[in-house]
Amino acid sequence: YLSRRVNIQLFEDGQAKVSINKTFSGLWYDEASLGRYKPEEQIKRLNLTYDLTEAHFHNINTSKQKSRIPVALESFDVLVPSLGRKIGSRILVDAQVFTAGNFSLPADSSRTADLFLRYAQKIIDTVVIKVPVNWEISSVPPEVHLQEIFGSFTWKMEKTSEGFIIYRS
């Protein structure tokens, strides 16, 4: 599975302080790619993946644990000068921008599997957004749950005392 946890602190001017933690487990292990690159290249790749204008990525950490079920971890922080866009008295935020990913054929020579097949995916996203104290969340969209023969999809958003949390799996 791939698990992503994103914590976003929004400020009144639309700026955001973000921390992202990813866990790549089992077949997803080979998708963890940041650790293969030097710091300068890691930042270039993050900018390409998330396509954020003027974002500043820092505190990039990666690790891999090879075992019967291998696990790779990636974490980083990013400052985004204008994540929120003010429209009238509202601010619009694309909370899902941090759950993006450009997945391609892995090129890591330390791969754990000899054969690469696109496989059934299990992706779990949790996005926690904290807003300034004087902000009010006027509404949240309804929960979505789809169950089909090929799999399932769930999306829900909960208001909290500090903002809201988005869950997707």
**Q** Report the residues that fulfil ring pair (Phe, Tyr, Trp, His ring centres under 6.0 Å) with H58, sequence neighbours left out, ordered by chain and then residue number.
**A**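 H56.
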**Q** Using atom types as modelled, flag every donor-acceptor pair under 3.5 Å from a side chain in residues 69-76 to any protein atom, sequence neighbours excluded.
**A**
residue: E74; atom: OE2; partner: S33; partner atom: N; Å: 3.1
residue: E74; atom: OE2; partner: L34; partner atom: N; Å: 3.0

**Q** Just jot down the salt bridge (charged side-chain N to carboxylate O under 4.0 Å, His left out) partners of E41, sequence neighbours excluded, or say none.
**A** R45
**Q** Can you list every salt bridge (charged side-chain N to carboxylate O under 4.0 Å, His left out) pair that touches residues 8-19, not counting sequence neighbours?
**A** none
**Q** Output all residues satisfying side-chain hydrogen bond (donor to acceptor under 3.5 Å, both in side chains) with S19, sequence neighbours left out; order by chain, then residue number.
**A** none
**Q** Going from CG on D125 to CD1 on I123, what distance comes out if it is rounded to the nearest 0.5 angstrom?
**A** 7.0 Å
**Q** If the condition is side-chain contact (heavy atoms from CB on, under 4.5 Å), which residues does Q147 pass it with, not counting sequence neighbours?
**A**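 Testing Q147 for side-chain contact (heavy atoms from CB on, under 4.5 Å), a comparison that skips the adjacent residues, returns H145, S152.
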**Q** Which ILVMFWY residues can you reach from I165 by hopping between side chains whose heavy atoms are under 4.5 Å apart?
**A**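 Direct or chained contacts put I165 with V128, Y167.
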**Q** Mind checking what makes side-chain hydrogen bond (donor to acceptor under 3.5 Å, both in side chains) contact with N61, not counting sequence neighbours?
**A**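 By the side-chain hydrogen bond (donor to acceptor under 3.5 Å, both in side chains) rule, N61 matches no residue at all.
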**Q** From L2 CG over to I124 CD1, what is the distance, rounded to the nearest 0.5 angstrom?
**A** 8.5 Å
**Q** With sequence neighbours left out, write down each residue that passes salt bridge (charged side-chain N to carboxylate O under 4.0 Å, His left out) with K156, or none if nothing qualifies.
**A**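 Testing K156 for salt bridge (charged side-chain N to carboxylate O under 4.0 Å, His left out), a comparison that skips the adjacent residues, returns E158.
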**Q** With P142, which residues qualify under side-chain contact (heavy atoms from CB on, under 4.5 Å), at least two apart?
**A** none
**Q** Test of understanding: clusters of I, L, V, M, F, W, Y form through side-chain heavy atoms closer than 4.5 Å, transitively. Do Y37 and L46 belong to the same one?
**A**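 The answer is no; the residues belong to distinct hydrophobic clusters.
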